[in-house]
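Worksheet for the structure shown next.
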Number of protein chains: 2
Amino acid sequence: MQLRRADVLRGARDLLDAEGLDGLTMRKLGAVLNVQAGALYWHFPGKQALLGAIADDLLAGVAEPPPAGPWDQRLVTLAHKLRQALLGVRDGARLVAETFVTEPNTALAGRIGMRILMDAGLPAEQAAWTMFAVGHYVLGHTIEEQATRPGSGRDAELAAQAAGDADLRELAAAISADPGRRFEFGLGLVLDGIRVRVGPRTPADS
Amino acid sequence: MQLRRADVLRGARDLLDAEGLDGLTMRKLGAVLNVQAGALYWHFPGKQALLGAIADDLLAGVAEPPPAGPWDQRLVTLAHKLRQALLGVRDGARLVAETFVTEPNTALAGRIGMRILMDAGLPAEQAAWTMFAVGHYVLGHTIEEQATRPGSGRDAELAAQAAGDADLRELAAAISADPGRRFEFGLGLVLDGIRVRVGPRTPADS
DNA sequence: ACCTGAACACCGTTCAAGT
DNA sequence: ACCTGAACACCGTTCAAGT
């Protein structure tokens, strides 16, 4: 029963879910796959390459365009798919952040967004820069979302610090709030900003 | 000539600049400070605590409010200070991302932004959520900015991949563009979105 | 082609013992 | 109070040798 590249990838994702990014080691991965750590180097040139492959894998689903519709709705769908992809595995956002635009599927996802914005009337350069902004927001949000996950104790730390300060209490409350709703809020903010540049939707738009 | 906490911190920042986050080890830090690695554990309970302290140190300057003026200008100033703080040391954004809202100064910076937005008329909860969105954008942008720094070869990788595709070429061009200008563009986007919620500036605003 | 075994050069952390 | 020396339990990576 030989090991294939895909098996290593799946094992790595399982281990990542179980142990987090800091707990993902070549030796443990070897153990999970019933193989010596050194054997992994036949399938991947090194740990970084393996991590890059996981990141790329994670974003595979984002590389296809959302269904037809108004540009803003399509962009929202894309942003949601991106967040969901990052949430697909523990510490997924941190993982992708360390490989970012390098991996093919990240670039492809950006390209999809560009097309949506160019169809909406934005020139290519503005469309590209806008997608970077959207991507940075999604990445930043999801890194924090995964870092502050319940049980990490980070929310409690802030709560303690906030004891005497009403504003800090509000910030602490925001962290404890449903991250999906907070994501939505920030995404709405960014989209409003994009609308200012694209101009109002006309009846001609589908 | 005894070691003080501040000396360790300064040494760690120097080492970080020289070697990057992955190259910052307790043993190398000990060597830099002419001390055994074990000695560092008298000053800090562990490596994570040391990293957290560096992150907090980095954000120290952001914890004081920008000068009086129109709310949007104050918010832009705050965002700039935040980015500059993250750029203060190599891999600074990645470092802060791994400690995020935990450290005191991160929360304080958020509080400053909240006040600016509340003074502009936003209710506390919206102000808090808005600051998260701004923070996530800044963090996401700066992580990528520091990850794609010249010499890492990431820009070249994308350029190669983009060979046949005009859209990908545009994305590659964006990466090679001045990151400061790209930051400005995205920040302007987010600010336009906030303006929609705050409402137009009235002559009553200073 | 794919993997083992064993080594090399590292890690973070602990802790008795020194000063 | 502050640090050394030395150990413990790990790392990623390489590579001859096996099958």
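Per chain, numbering begins at 1; letters A, B, ... match sequence-line order. Hydrogens, waters and symmetry mates are skipped; everything else that's a heavy atom, side chains included, is used.
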* To do: For DNA chain D, determine which residues of residues 39-56 of chain B have any heavy atom closer than 4.0 angstrom to one of its atoms, and list them numerically.
  =>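 B/Ala39, B/Trp42, B/His43 - these, ordered by number, are the residues of the stretch whose heavy atoms sit under 4.0 Å from the strand.
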* To do: Output the residues of residues 14-26 of chain A in contact with DNA chain D, where contact means a heavy atom of the residue under 4.0 Å from an atom of the strand; sort by number or write none.
  =>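 A/Leu24, A/Thr25, A/Met26 - these, ordered by number, are the residues of the stretch whose heavy atoms sit under 4.0 Å from the strand.
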If you compare all heavy atoms of [X] against all heavy atoms of [Y], which two are closest, and at what distance to 0.1 Å?
{"X": "A/Leu168", "Y": "B/Ala107", "result": "CD2-O, 3.7 Å"}
{"X": "A/Ala93", "Y": "A/Leu139", "result": "O-CD1, 3.7 Å"}
{"X": "A/Ala120", "Y": "A/Trp71", "result": "CB-CG, 3.5 Å"}
{"X": "A/Arg182", "Y": "A/Ala174", "result": "NH1-O, 2.8 Å"}

* Could you note down all residue pairs passing salt bridge (Lys or Arg N to Asp or Glu O under 4.0 Å) where residues 116-139 of chain A supplies at least one of them, sequence neighbours left out? =>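 Sorted pair list comes back empty.
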For the [atom1] atom of [X] and the [atom2] atom of [Y], what is their distance to the nearest 0.5 Å?
{"X": "A/Arg197", "Y": "A/Gln126", "atom1": "CZ", "atom2": "CD", "result": "6.5 Å"}
{"X": "B/Ile194", "Y": "B/Leu187", "atom1": "CD1", "atom2": "CG", "result": "8.0 Å"}
{"X": "A/Leu9", "Y": "A/Phe44", "atom1": "CG", "atom2": "CZ", "result": "4.5 Å"}

* **Any B/Met26 side-chain heavy atom under 4.5 Å of B/Leu50 side chain** =>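 They are in contact (side-chain heavy atoms under 4.5 Å apart), so the answer is yes.
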* Asked: Dot-bracket for DNA chain C: what is it, with Watson-Crick or G-U pairs under 3.5 Å, [ ] where a pair crosses earlier ones, and | for a pair to another strand?
  -> ||.|||||...|||||.||
* To do: Among residues two or more places apart or on two chains, list those pairs meeting side chain to side chain donor-acceptor pair (under 3.5 Å) that have a residue in residues 42-64 of chain A.
  =>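 Side chain to side chain donor-acceptor pair (under 3.5 Å) check on residues 42-64 of chain A returns A/Asp56-A/Asn105.
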* Going 5' to 3' along DNA chain D, which nucleotides are the first and last within contact of chain A (any atom under 4.0 Å from a heavy atom)? -> D/dC11 to D/dT14
* Mind checking whether B/Tyr137 and A/His136 have parallel, tilted or perpendicular rings, split at 30° and 60°? ->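 Tilted: the ring planes of B/Tyr137 and A/His136 meet at 30° to 60°.
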* Any chance the side chains of A/His141 and A/Glu145 put a donor and an acceptor closer than 3.5 Å? ->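 On atom types as modelled, these side chains qualify, holding a pair under 3.5 Å.
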